[in-house]
Amino acid sequence: MRDMKDSGVEWIGKIPENWECCKLKRITSINTGCTPSKNEYDIFYDKKEGIPWIKVENLGSLESINITEEYLTLEGAKYARVFPKNAVYVCCIASIGKVGFSEIECSCNQQINVLLFERAYWKYGFYLTIAQENEYIHCATGNVVKILNSNRQADIVCTNPPLEEQQKIANYLDEKCAKVDAIIEKQQAIIEKLKEYKLSVITEAVTKGLNPNVEMKDSGVKCIGAIPKDWRIIKLKYLFADGDKGLKIGPFGSALRGKTLEDGSYKIYNQAHLIQNNFDLRRHFVSEETFKELQRYEIKPGDILFSMMGTVGKCQIMPKGYQKGIMDSHLLKTRLNDRILPEFFIYSYDKDYSNQVIPQLLYLSNGSIMNGLNSSLLKSVQIALPPMEEQELIVNYIKKKCKKIDSIIYNREEILKRLQELKKSLIYEVVTGKREV
């Protein structure tokens, strides 16, 4: 057991006697990325080759970032900053502390600061940055969007062991973290298989029913296939209520411009509430005056909400007991008529429950649903519709079956969380010298 001393830094605690602490700027230079003009997309960017263009979504792995969705052309690189191999990339806006590295030359956007460890071993610097995540978050400023500027980042105190020991630490963590990641990868694969199984169970139930011996007929819709003989295929427009309760799109963005508040009595509901299935999220609000102006966009319990942009194919029933509010311009809402149970509708439509709608959205929007959903497109989508009493049986079956599957998924996700925490704890203990290698 080696001798330890107090580092004098709360997040670090005790360190080995022969180690020192210093400010980050003493062992690295900090550089901020930049974004060449998107107006010159054809000249500056490429989808297949060039200099990898790193964005926040590329961070978070222990493997080198060598492949990205976008690349900078040689012309684009003239208007960006290209960083050498073995640079460490860390997000300092919004997703504070998310980190990655690349063993080849790369560029990045301005959400990311690049650490070049000229006076330390770069791979030790990478693991050090992971261990510093909470300190990064603590030092960030801003109410709505957290930002850690390079000056505050440079003043963060870190451990600085002898160079030879830094290399040993990096090699040790490469080996140990690879083993933990292999276990994590297996758990993630199991979770994905369970989610696929759940999707297949629901899709089968809402398109084929519960009786495997029932007589079937061709639905006429390729992605639905055969359906029970007494079912029918119906367009969504025939399931929506008439009049004021029919399909309604959210207000134009200009109607809310300059009127949103950070807190208030009336909430603005948006896509995040649907995607995360969490209507408690506190994001934006409006005043009573604005609410009255836009009251026709009010969301009430029982309304069916649809996501329009980006993550389309999502829908939710507005539950009871939530704060009064309106929808934003990226949502549609409707009420269903008495031909269909709301829960059966959700199981049939939502992309995380059933496979019968997403292929239609892709087809109807000419192969790209990223452009968004509109009311005409939505009304044209078709689903399989059983008699009402059979809908009730199917909903009850799905609830019971999915409860068991969700329980197994939850247990696997808890194992995954513990493995992630174990890896973080291991990295922290090693880079601060509490575990000798």
Side-chain angles (χ1 to χ4, degrees), residues 191-212 214 216-228 230-240 247 271 273-277 303-308 310-319 331-334 336-337 339-365 367 369-370 372-373 377-406 408-409:
I191 290 169
E192 286 308 308
K193 288 290 184 184
L194 286 164
K195 288 180 178 178
E196 288 171 12
Y197 173 59
K198 177 181 173 181
L199 185 67
S200 69
V201 165
I202 298 173
T203 302
E204 185 79 6
V206 297
T207 59
K208 312 294 181 224
L210 305 179
N211 182 1
V214 71
M216 306 292 280
K217 66 180 180 182
D218 182 17
S219 69
V221 182
K222 186 177 180 181
C223 62
I224 296 177
I227 60 173
D230 62 341
W231 290 29
R232 59 180 172 144
I233 292 296
I234 189 167
K235 288 187 177 181
L236 297 191
K237 66 180 180 180
Y238 298 116
L239 300 175
F240 298 152
L247 192 62
Q271 292 190 128
H273 295 97
L274 270 64
I275 294 165
Q276 297 181 39
N277 192 21
D303 284 344
I304 306 292
L305 306 177
F306 299 90
S307 173
M308 288 181 59
T311 307
V312 299
K314 287 295 299 176
C315 68
Q316 294 285 351
I317 305 170
M318 181 64 189
L331 293 183
L332 293 105
K333 71 167 184 171
T334 193
L336 300 173
N337 57 36
R339 291 189 177 116
I340 191 167
L341 293 174
E343 288 175 304
F344 185 86
F345 182 89
I346 299 296
Y347 286 135
S348 296
Y349 180 93
D350 190 279
K351 73 179 185 67
D352 294 328
Y353 291 138
S354 170
N355 263 330
Q356 67 174 320
V357 166
I358 279 291
Q360 294 182 66
L361 291 175
L362 282 166
Y363 175 77
L364 292 168
S365 56
I369 63 172
M370 294 308 292
L373 182 66
L377 194 74
L378 184 61
K379 289 176 182 178
S380 300
V381 169
Q382 302 178 91
I383 63 169
L385 186 70
M388 184 62 74
E389 61 272 17
E390 198 166 350
Q391 291 180 37
E392 292 177 359
L393 291 172
I394 290 170
V395 166
N396 290 333
Y397 166 80
I398 290 173
K399 284 181 178 179
K400 186 176 180 180
K401 188 77 173 177
C402 288
K403 185 177 180 180
K404 293 179 180 177
I405 300 171
D406 287 340
I408 300 170
I409 291 174

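The shown structure was predicted, so the numbers you read here are calculated from the model rather than taken from an experiment. Sequence positions, counted from 1, serve as the residue numbers for this chain. Basis for what follows: all heavy atoms, side chains included, without hydrogens, waters or symmetry-related copies.
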Colleague: With a 4.5 Å limit on heavy-atom distance, are the side chains of M308 and L331 in contact?
Modeller: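 When only atoms from C-beta onward are counted, L331 and M308 do not touch, as no gap falls below 4.5 Å.
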Colleague: For N337 and Y238, indicate whether the former's side chain and the latter's backbone hold a donor-acceptor pair under 3.5 Å.
Modeller: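 Yes.
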Colleague: Could you check if a side-chain atom of I398 sits within less than 4.5 angstrom of a side-chain atom of V206, using non-hydrogen atoms only?
Modeller: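 They are in contact (side-chain heavy atoms under 4.5 Å apart), so the answer is yes.
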Colleague: Rounded at 0.5 Å granularity, tell me how far CG in L378 sits from CG in L236.
Modeller: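 If I round to the nearest 0.5 Å, the distance is 5.5 Å.
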Colleague: Ignoring hydrogens, what is the shortest heavy-atom contact between T207 and P228? Give both atom names and the distance.
Modeller: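 T207 and P228 have their closest heavy atoms at O-CD, 3.6 Å.
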Colleague: Got a second to check how far I224's CD1 is from K208's NZ, nearest 0.5 Å?
Modeller: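 Taking CD1 in I224 and NZ in K208, the distance rounds to 8.0 Å.
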Colleague: Taking side chain as C-beta onward, heavy atoms only, is K399 less than 4.5 Å from E343?
Modeller: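 A side-chain contact exists here, since the closest heavy-atom pair is under 4.5 Å.
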Colleague: CD1 of I275 to CG of D352: how many Å apart, nearest 0.5 Å?
Modeller: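 So the gap between those two atoms works out to 9.5 Å.
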Colleague: Check whether any side-chain heavy atom of I409 lies under 4.5 Å from a side-chain heavy atom of Y197, and answer yes or no.
Modeller: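 Answer no - side chains too far apart.
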Colleague: Do you know which two heavy atoms are closest between P387 and W231, and how far apart they sit?
Modeller: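 Scanning both residues, the minimum pair turns out to be CD-CD1, 4.0 Å.
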Colleague: So does G225 get a backbone contact from the side chain of Q356, meaning a donor-acceptor N/O pair under 3.5 Å?
Modeller: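 No; zero donor-acceptor contacts below 3.5 Å.
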Colleague: Contact between I317 and F345 at the side-chain level, heavy atoms closer than 4.5 Å - yes or no?
Modeller: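 Sidechains of F345 and I317: no contact.
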Colleague: Which heavy atom of C402 sits nearest a heavy atom of I202, and at what distance?
Modeller: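 Smallest interatomic distance, heavy atoms only, reads SG-CD1, 3.7 Å.
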Colleague: Evaluate whether atom NZ of K217 has more than 12 neighbouring non-hydrogen atoms of other residues, nucleotides or ligands under 6.0 angstrom away.
Modeller: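 More than 12 heavy atoms, drawn from other residues, nucleotides or ligands, come within 6.0 Å of this atom.
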Colleague: If I compare all heavy atoms of D230 with all of E390, which pair ends up nearest, and what's the gap?
Modeller: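 Scanning both residues completely, I find the closest heavy atoms to be OD2-OE1, 4.3 Å.
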Colleague: Hey, does the side chain of T203 reach the backbone of S200 with a donor-acceptor pair shorter than 3.5 angstrom?
Modeller: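 No: the side chain of T203 does not pair with the backbone of S200.
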Colleague: Kindly give the heavy-atom pair with the smallest separation between P386 and I394, and that separation in Å.
Modeller: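 Nearest pair, atom of P386 first, then I394: CG-CD1, 4.2 Å.
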Colleague: Judged by atom type as modelled, is there a donor-acceptor pair below 3.5 Å linking the side chain of Q360 to the main-chain atoms of Q382?
Modeller: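 Side chain of Q360 to backbone of Q382, a donor-acceptor pair under 3.5 Å: yes, one is there.
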Colleague: As a quick check of understanding, evaluate side chain to side chain contact (heavy atoms under 4.5 Å, CB included) for L336 and F240, giving each step before the final call.
Modeller: CA-CA 5 Å; L336 300 173; F240 298 152; 4.0 Å; yes
Colleague: When rounded to the nearest 0.5 angstrom, what is the spacing between CG in L199 and CD1 in I405?
Modeller: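 Separation between the atoms: 10.0 Å.
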Colleague: Kindly indicate, with the supporting measurements, whether the criterion side chain to side chain contact (heavy atoms under 4.5 Å, CB included) is fulfilled by Y347 and I383.
Modeller: CA-CA 11 Å; Y347 286 135; I383 63 169; over 6 Å; no
Colleague: Quick one: does Y349's side chain get under 4.5 Å of L361's, heavy atoms only?
Modeller: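 Result yes, sub-4.5 Å side-chain heavy-atom pair found.
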Colleague: Rounded at 0.5 Å granularity, tell me how far OG in S219 sits from CG in L385.
Modeller: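 Answer for the OG-CG pair, S219 versus L385, is 13.0 Å.
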Colleague: Just how far is it from atom OG of S348 to atom CD1 of I234, taken to the nearest 0.5 Å?
Modeller: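 These two atoms lie 11.5 Å from each other.
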Colleague: On a heavy-atom basis, which atom in I227 and which in A384 lie closest, and how many Å separate them?
Modeller: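 Smallest heavy-atom distance, with atoms named: CG2-CB, 4.0 Å.
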Colleague: Look only at the side chain of K198 and the backbone of Y353, and say whether a donor-acceptor pair between them is shorter than 3.5 Å.
Modeller: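 No; zero donor-acceptor contacts below 3.5 Å.
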Colleague: Run the numbers on L305 and H273 for side chain to side chain contact (heavy atoms under 4.5 Å, CB included), then give the verdict.
Modeller: CA-CA 10 Å; L305 306 177; H273 295 97; over 6 Å; no
Colleague: Hey, does K351 have a side-chain heavy atom less than 4.5 Å from the side chain of V357?
Modeller: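 Side-chain contact under 4.5 Å: no.
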Colleague: Side chains of D350 and K314: closer than 4.5 Å at any heavy-atom pair?
Modeller: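 Heavy-atom side-chain distance check passes, below 4.5 Å.
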Colleague: Taking Q391 for the side chain and F344 for the main chain, is one N or O donor matched with an acceptor at less than 3.5 Å?
Modeller: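 Not confirmed, Q391 side chain does not pair with F344 backbone.
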